[in-house]
Every structure is written in structure tokens, then in C-alpha cells.
2 protein chains.
Amino acid sequence: MARSSTAADGSPRRILDAAIEVFAERSFDGASTRDIAARAGVTQPLLNYHFSSKDELWHAAVDAIFEQLDDALRIRTAGLRGVDPLTTAKLLVREFVHFSARHPQLHRIITGEGKTDGERMRWMTDRHTKPLYEATRDIFTPLADAGQVVDLPFASIYYILTGAGPHMFVLGPEFHRVTGLDPTADDVIERHADAIIGLLFTA
Amino acid sequence: MARSSTAADGSPRRILDAAIEVFAERSFDGASTRDIAARAGVTQPLLNYHFSSKDELWHAAVDAIFEQLDDALRIRTAGLRGVDPLTTAKLLVREFVHFSARHPQLHRIITGEGKTDGERMRWMTDRHTKPLYEATRDIFTPLADAGQVVDLPFASIYYILTGAGPHMFVLGPEFHRVTGLDPTADDVIERHADAIIGLLFTA
DNA sequence: GTCTATAATTAGATAGAC
DNA sequence: GTCTATCTAATTATAGAC
């Protein structure tokens with residue numbers, strides 16, 4: 001079991017949590033190590049002590065946020081042995097929407113890096129995004145064969161799910177200003193999960 | 001009629017086009033005015049001559065890219081007087097997906113700024129995003145009343161459309177690496193537009 | 001209108017005390 | 001393990017020649 005952390009641990013953990021926040025908000029170039037250090041309550045050179053460079057800190061932060069997603073999805077499926085694949089898939093999609101609402105940092109980082117073909121994008125894609133894509137495909141393919149999922153190529157389904165699911169939370173401040181709704185409110189999150197599930201599943 | 005530009009004009013226009021590119025790729029903080037100047041083929045102080053600061057250049061770039069969207073949508077609806085509202089709405093959604101594919105910069109900038117509650121986010125939302133939201137709502141509301149649109153609150157529909165529609169193009173490099181598909185290929189774009197329309201409209 | 005040169009600030013990283 | 005002090009490089013913006 002891995003630390004999901006809400007802070008409280010030692011300096012490395014607090015630095016990592018602050019790094020996730022700042023990298024998500026400002027992207028890699030815009031994030032300053034001084035800002036990260038300030039939010040972690042430590043001085044800036046301490047980041048170089050625990051993580052040897054800004055680049056390595058970024059990699060560690062991305063590992064940590066993806067690990068939090070993996071944990072959330074794994075916990076959701078644990079002890080679901082007898083449940084049918086369709087119900088399991090819907091529960092996973094619901095958990096994914098909930099996670100995106102509670103941790104908009106993940107998709108903020110993904111959209112910050114996935115748009116340019118650089119070293120960081122390739123590392124993140126090979127290590128995290130592609131395995132997630134393939135695991136999701138393995139769950140959806142039998143359902144699609146059984147006609148229980150909307151009839152679209154899986155690539156479309158995946159990018160519709162990961163686009164539509166987190167978007168209102170990624171743009172939380174904008175969403176609130178435009179609609180007057182609170183993207184952190186339980187009923188808004190639940191209704192959005194219902195909407196995504198209703199769109200993607202046909203059974 | 002406004003310049004849609006593919007470059008070729010004077011320095012201010014070339015600087016603006018380069019600024020859209022770089023702000024989209026690296027977000028505001030990560031974009032350097034030297035990089036923008038280099039891509040525009042001018043020296044860095046010239047940006048301050050034409051646009052007085054990096055901040056003003058950003059505002060001008062955002063106005064320009066939203067103007068390009070407005071132009072594309074306006075041209076699409078021009079001379080569509082006799083066409084019924086449902087067909088018009090579908091054509092607009094299709095045009096929106098096409099625009100997002102050809103100009104992923106727009107939603108790269110939106111996701112870069114809409115995630116933090118700052119001065120730029122508020123300006124962009126009040127001036128561009130909210131009016132677009134309201135115009136879209138005016139088109140969808142009568143269709144929803146007639147049962148021709150999926151039965152969801154409009155806020156959900158809008159953030160599903162603007163999340164799912166552009167996402168594979170915003171993450172173009174990642175999408176290509178994960179799926180092997182080319183997000184600039186005409187058939188990929190067309191099929192994605194079909195998918196979005198199929199999901200949102202019930203008639 | 002566009003350039004070169006440069007000022008003022010801030011970035012990431014290192015040295016060394018404790 | 002954490003700090004203060006500081007180095008070097010890169011940032012935005014300005015001054016002034018042409």
C-alpha cells in the first residue's frame with residue numbers, strides 16, 4: 001500500500017505535495033522551485049538536496065499523482081470479485097470522475113505536458129498514460145463486443161472519457177465563474193459522473 | 001471581416017501568430033518573449049514596441065485566437081437561413097471540432113489559464129468564454145426542449161462538448177504516441193466530429 | 001519601425017556552516 | 001537534514017542609434 005498523503009509526513013513528502021500543486025497550476029517552466037519550497041514550508045536549496053534537480057522533482061511528482069490515481073482505482077475494484085464486468089466498468093468510470101474532481105492536478109499536469117513533443121511528455125506517456133490507456137482498453141473491449149458500450153473506436157472513447165470527465169474540474173475556477181456552480185460540490189460531481197456513464201454505456 | 005492570417009502580414013501580425021503558438025505551448029509564465037520574437041523573426045525589444053508588455057501581448061493573442069474561432073463559426077452559419085435549428089447546431093458542433101483540430105492553440109490557452117483564479121483567467125472568461133457559453137446555450141436550449149439533445153443540464157453539455165471535442169487535439173503529441181493515430185488526419189477529425197455529434201444529439 | 005546594448009529582476013543550482 | 005549566502009544564466013523591459 002502506498003502513501004496517498006495529505007501532507008503531515010517529512011520534508012520530502014511535503015515538497016512532493018507542493019510540487020504537484022505548483023506544477024499543475026503553472027506547468028513545468030512556469031513553476032518556480034522557490035514557490036514550491038515556500039508552499040512546502042522549507043527553503044529552496046532543500047529541494048536540490050532531496051531531489052537533485054527541478055527535472056527530477058517533476059518526475060517524482062508525476063509518479064506520485066499517478067500512484068494516487070492507481071491507488072484510488074485499485075481500492076475501488078478490490079473485493080468486487082462477484083460483480084459483473086459492466087457494473088465494474090461503470091464503478092471505475094465513476095471513481096475516475098470523482099478522482100478528477102478531488103485531484104484536478106493530475107489532468108492539469110497531463111494537459112500541461114501532453115501538448116508538446118518533448119522529453120517529459122514521452123516519459124510520462126510511456127510510463128503512465130499508455131499503460132492506463134491499455135488497461136482501460138482491456139476492460140472496455142469485451143463490453144464493446146457485447147454491445148454494452150457506445151459503438152466507437154476505443155481511441156475515441158478514451159479521449160472522450162479523459163476529455164469530458166475531468167474538464168470541468170481542470171477548469172474549476174473558470175467553470176465556477178461561467179456557470180455559477182461549485183465544481184467541488186458533491187452533487188455536481190455525482191451528476192457529472194452520471195452524465196459521463198450515461199453517454200458511454202448503452203446498457 | 002477580420003484577418004484570419006497565416007502569417008505574411010507585417011511584424012505585429014507575425015508577432016501575434018508566434019505569441020499564440022508559444023503561449024499555447026508553454027503557458028503564460030513559461031513563454032519567453034525571446035522565444036516569441038525568434039519565431040516571429042524579429043528581435044525581442046520589438047515586442048515591447050508594438051505591444052507594450054508581455055501581459056498586453058498575451059491579451060492581444062487571446063483576442064486574436066478567439067476571433068479566429070468566431071470567424072470560423074460565423075462563416076459556417078452564413079447563408080444557412082432556411083436550414084432547421086437542429087441541422088445548424090450539428091454543423092456548428094462539427095465546425096467547432098474541426099477548428100479545435102486545426103487550431104489546438106485555443107484550448108491549450110484556455111486550459112493553461114482557466115485552472116487558476118487570476119487576473120488573466122477572469123479577463124478571458126468575462127470577455128470570451130462566458131459569451132461563447134451563453135451563445136451556445138441559446139442554440140441548445142430550444143433543441144433540448146424539443147428532446148433533440150441529450151437530457152443533461154446545459155453546463156454539463158457545454159463542458160462535455162468543450163472537454164471531449166478538443167482533447168485529442170490539445171494532447172496531439174500524446175494522442176499520437178498512445179494510439180498511433182494522426183490527430184491532424186482528415187478522417188480522424190471527421191470521425192471524431194461524428195462521435196461527438198452522435199453522443200450529444202438524440203435526433 | 002527595427003536594431004544593439006544593457007539595466008533590473010528572478011531563475012535553478014552550489015558551497016559551506018550548523 | 002536544513003539553513004544562509006551566493007554564483008551563473010535567463011528573464012522582461014528600457015535607452016538610444018539608425
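Please read these numbers as outputs of a predicted model, since none were measured by experiment. Below, each value reflects all heavy atoms present in this structure, side chains not excepted, and no hydrogens, waters or symmetry copies. Just so we're on the same page: letters track the sequence lines, and every chain starts at 1.
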- Item | Salt bridge flag under 4.0 Å for residues R74(A) and D71(A) | yes
- Item | Outermost DNA chain C nucleotides near chain A [under 4.0 Å, heavy atoms] | dA11(C) to dT14(C)
- Task: Could you list by number each residue of residues 109-118 of chain A showing a heavy-atom separation from DNA chain C of less than 4.0 Å, or answer none if no residue does?
- Result: none
- Task: Flag the pair F169(A) / H192(A) as yes when their ring centroid distance falls below 6.0 Å, and as no otherwise.
- Result: yes
- Query: Heavy atoms under 4.0 Å, any strand shown: does A37(B) hit a base, just sugar-phosphate, or nothing?
  - Reply: nothing
- Message: Under a 4.0 Å threshold between the charged nitrogen and the carboxylate oxygen, would D126(B) count as salt-bridged to R177(A)?
- Response: yes
- Task: Please determine, by modelled atom types, if Y159(A) and E174(B) share a side-chain donor-acceptor pair under 3.5 angstrom.
- Result: yes
- Query: In this structure, are over 12 heavy atoms from other groups packed under 6.0 Å from D187(A) atom CG?
  - Reply: yes
- Charged N to carboxylate O below 4.0 Å: is that the case for E95(A) and R102(A)? yes
- Query: With respect to H59(B), which candidate in W123(B), F66(B), F28(B) satisfies the ring pair (Phe, Tyr, Trp, His ring centres under 6.0 Å) definition?
  - Reply: W123(B)
- Task: In plain terms, say whether R127(A) and D63(A) are close enough for a salt bridge, that is, a side-chain N and a carboxylate O under 4.0 Å apart.
- Result: yes
- Message: Near DNA chain C, counting only heavy atoms under 4.0 Å, which residues of residues 40-58 of chain A show up?
- Response: Q44(A), P45(A), N48(A), S53(A), K54(A)
- Starting from the C-alpha separation in whole Å, work towards a yes-or-no answer on side-chain contact (heavy atoms from CB on, under 4.5 Å) for L171(B) and T162(A). CA-CA 11 Å; L171(B) 297 188; T162(A) 56; over 6 Å; no
- Message: Within 45 degrees of the ring normal and closer than 6.0 Å to the centroid, is that where the cationic atom of K54(A) sits relative to F23(A)?
- Response: no
